[in-house]
A.B. asks: 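One structure is given below, represented as structure tokens, and several questions about it will come after.
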There are 4 protein chains.
Amino acid sequence: MSSFRAQKMAKKKQEILRSAAAVLIEKGYQGTTMEEIAAKLLMTKGSMYYYFKNKDDLLHQCHLMIMELCLEGIETVFNSDCTPIEKLRNAIKEHILLATSEKSMFMALAKPNHNFSDEQLKEVLELRKIYSQYFDRIINEGIEKQVFENVDVKMARLIILGALNWIQEWYDQDGPQSAEEISDAYARYLLKMIIKEK
Amino acid sequence: MSSFRAQKMAKKKQEILRSAAAVLIEKGYQGTTMEEIAAKLLMTKGSMYYYFKNKDDLLHQCHLMIMELCLEGIETVFNSDCTPIEKLRNAIKEHILLATSEKSMFMALAKPNHNFSDEQLKEVLELRKIYSQYFDRIINEGIEKQVFENVDVKMARLIILGALNWIQEWYDQDGPQSAEEISDAYARYLLKMIIKEK
Amino acid sequence: MSSFRAQKMAKKKQEILRSAAAVLIEKGYQGTTMEEIAAKLLMTKGSMYYYFKNKDDLLHQCHLMIMELCLEGIETVFNSDCTPIEKLRNAIKEHILLATSEKSMFMALAKPNHNFSDEQLKEVLELRKIYSQYFDRIINEGIEKQVFENVDVKMARLIILGALNWIQEWYDQDGPQSAEEISDAYARYLLKMIIKEK
Amino acid sequence: MSSFRAQKMAKKKQEILRSAAAVLIEKGYQGTTMEEIAAKLLMTKGSMYYYFKNKDDLLHQCHLMIMELCLEGIETVFNSDCTPIEKLRNAIKEHILLATSEKSMFMALAKPNHNFSDEQLKEVLELRKIYSQYFDRIINEGIEKQVFENVDVKMARLIILGALNWIQEWYDQDGPQSAEEISDAYARYLLKMIIKEK
DNA sequence: GATGAATGAGCGTTCATTCAT
DNA sequence: TATGAATGAACGCTCATTCAT
């Protein structure tokens, strides 16, 4: 079947995406060259165009892959039968672990590239929105169950995600704090922000 | 006096820096071209080299100018005789106002560029550190006076600054929330995170 | 084998070097543009960077190629079993033929460029020194065999090479004198300068 | 009278030319910037355009000034009542002294620039021809008086001038040989080349 | 499928030149 | 006269993209 070929191609694509994501996160879109991505995979830059239409396409699919990973994580958290407090704590921890893991990609690519077509942009933003909404839903759950303060959900979520996304700017794998410690502290403080005081 | 000329040149430099900061924030270092900076001022890119040695110099001074503005703001806040709670609230508000003002520059330039010389990098990071330390000192004051929880100061500060710096990623001058409203909400929630409950 | 590709690349490099040498000799280092070199070969300047790291690299290799050609010629002359007189005559003629041949490059590049790295400069000067020394050795041989006057070898050599290198400044392929005639005259007069009179 | 103004201007021109010649000889036409020339005279580059139409004009007048100096020297030598041998010796020495003097300009500017207008080129070449002809005339005198061999005058002159002009390529004010020693050696050897043997 | 080679558009930078003051 | 300021053309170089093989 051709599905064999297709599978092989998909695998290669994944490989490229992973490599590309790493470089892209480190150097930014403009600072990353096709050659650099290719070199890391022992390919030539010409070959990349067999798998991706162009650099923007590559970046776009990078975003999609990363967002998919994130969504997977948060869905699991959301669908668990924990309390809202537990869910928010887990969502925060999951986010941080993803953002600091060696695969370390993530929302790192803060601004979906300016070169993106409307189509591409819409797609990424949609996923991002879905991701955000999971947080909103968790927060809403907490408010309804009266364990969270009656906060402005959007504001609270923006503060939380902002705090989380900033981690990549300063996180150092060899720094004094482990990802585990960081995620503990972040979860604790951010929860305190919205948990209802007895 | 020649100081007249010098003054005029300084003014032009400021003008260029402001224009550069705007582009820089929107497009990032690599995405910013000398031509675009110049075009916004109805100049030609060649002219920029009369005022700045090169792109890195221009961008470096951009960082310095922005950080200076920030430092001015926080110093005033810190040296006022408010309570730690008031100080933190004001620091947060000031930061947001700067980040959303039309002059809109700021720490936007998350990662001082890779091309920077060690000298330049050190200079910017130093200023950034000073800025951060003001927050640390405010938080410490609050802990000492027992109005803040006994938090990990560094973590708390990172959460706060992360939340604040993310605003630029989504803030829209014509959006539903005014900068005023945003800064109110942010201050309230972030303060709740560290204020000691009675 | 990959040696096929390598060979093809080497050939192209040679081609480019020859073109570059021609322009270089005519216009000097600063006057030579990558575009002009490329245009002569119906290439675009961007392509040159596939073969050479940068302009300095290209020009440096130009020097090396030219010097190699010169050294080949003089080595053959020196290692022949002619008398010193014959050797000097042949060395002069060989030099002129090279300098006036259509491949016309040569020591034309009087001053190895200022932009050259120390490494590059050293390399070129070393080759140049070797070339000069062949002349010195021929002259010394003549002195020892008492067919040449007891001249200051360095001075004599400088006079000879100076006279030879000047030819490119005025030689015109379509001028009244053929390269052959010129080299005859030069050899005769320059020899008379140092040959011992009976 | 306006001749006062004119005189002052002429003086300034001379000053600029001298400074320009020094830089031009050291760095070549393309390597020399108007700014550099101006800076040496504590002027701004814009001011140079009051005295010279453009860079080519400046270079052109440089050539003229230099050639004038050379012509002065050789005329004096030629019109003296020395023997042809003495005259040639003196011409050679004079040439070398000029070429190595601290004012060190001279035919250094080997190739009248490519940008020169036909008019400018013609003018320089004309002066250069006159200079050459003085050598020819001296040589001819020597032949007629039977103190020189019956050489091809043009060839002999080209050899001599070539040898002389090469000196600038290697002469080092702080080198082992003084200009005096060099000119002695050059005169001796070059004369031997054409003097009739008894 | 993969690559060597070429292309062309664009960028940072330099610099001769101009011109109002 | 002299200069501060601006301009624009040109150059070296990079890099995404293409395409024949």
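Since this is a predicted model, take the numbers as computed values, not measurements.
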A.B. asks: Would you mind classifying the nucleic acid contact of B:Thr33 as base, sugar-phosphate or nothing, using non-hydrogen atoms under 4.0 angstrom?
C.D. replies: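 Here B:Thr33 touches the backbone only, sparing every base.
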A.B. asks: Take atom OH of D:Tyr49 and atom C1' of F:dG4, then tell me their distance rounded to the nearest Å.
C.D. replies: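 Distance check: D:Tyr49 OH to F:dG4 C1' gives 15 Å.
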A.B. asks: What's B:Phe52 touching, base or sugar-phosphate or nothing? Going by heavy atoms closer than 4.0 Å.
C.D. replies: nothing
A.B. asks: Could you tell me how far apart C:Glu35 (CD) and F:dC13 (P) are, to the nearest whole angstrom?
C.D. replies: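 Answer to the nearest Å: 13 Å.
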A.B. asks: Quick check on DNA chain F: between C:Thr32 and D:Thr44, whose nearest nucleotide comes earlier from the 5' end?
C.D. replies: D:Thr44
A.B. asks: For chain D and DNA chain E, what are the first and last nucleotides along the strand, 5' to 3', with at least one atom under 4.0 angstrom from a heavy atom of the protein chain?
C.D. replies: E:dC15 to E:dT18
A.B. asks: Do the non-hydrogen side-chain atoms of C:Glu15 and C:Tyr51 ever get within less than 4.5 Å of each other?
C.D. replies: no
A.B. asks: Got a donor-acceptor contact below 3.5 angstrom from the A:Gln120 side chain to the A:Ser117 backbone?
C.D. replies: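 Present.
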A.B. asks: Determine whether the aromatic ring centres of residues A:Phe52 and A:His60 are separated by less than 6.0 angstrom.
C.D. replies: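 No - the distance between ring centres of A:His60 and A:Phe52 does not fall below the 6.0 Å cut-off.
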A.B. asks: For DNA chain E, just give me the dot-bracket, please: Watson-Crick or G-U, both distances below 3.5 Å, ( ) intra-strand, [ ] crossing earlier pairs, | paired with another strand, . unpaired.
C.D. replies: .||||||||||||||||||||
A.B. asks: Taking CD from D:Gln30 and P from F:dC11, how many angstroms apart are they, rounded to a whole number?
C.D. replies: 9 Å
A.B. asks: Donor-acceptor check, side chain of B:Thr32 to backbone of B:Gly28, threshold 3.5 angstrom: yes or no?
C.D. replies: yes
A.B. asks: Does any part of the side chain of B:Met48, heavy atoms only, come nearer than 4.5 Å to the side chain of B:Lys55, both counted from C-beta?
C.D. replies: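 The answer is no; the side chains never approach within 4.5 Å.
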A.B. asks: Is the cationic atom of C:Lys12 (NZ for Lys, CZ for Arg) positioned less than 6.0 Å from the six-membered ring centroid of C:Tyr50 and within 45 degrees of its normal?
C.D. replies: no
A.B. asks: Between C:Ser19 (side chain only) and C:Ile37 (backbone N and O only), is there a donor and an acceptor less than 3.5 Å apart?
C.D. replies: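 Indeed, once roles are kept as given, a pair shorter than 3.5 Å links the two residues.
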A.B. asks: Find which nucleotide of DNA chain F each of B:Lys12 and D:Lys12 is nearest to by heavy atoms, and output the residue with the more 5' nucleotide.
C.D. replies: D:Lys12
A.B. asks: Is it true that D:Lys27 and D:Glu36 make a salt bridge, defined as a side-chain N closer than 4.0 Å to a carboxylate O?
C.D. replies: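 Judged by the 4.0 Å cut-off on N to carboxylate O distance, D:Lys27 and D:Glu36 do form a salt bridge.
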A.B. asks: When you match C:Gly46 and B:Lys53 each to their closest nucleotide on DNA chain E, which lands nearer the 5' end?
C.D. replies: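 By nearest-heavy-atom nucleotide position, the 5'-most residue is C:Gly46.
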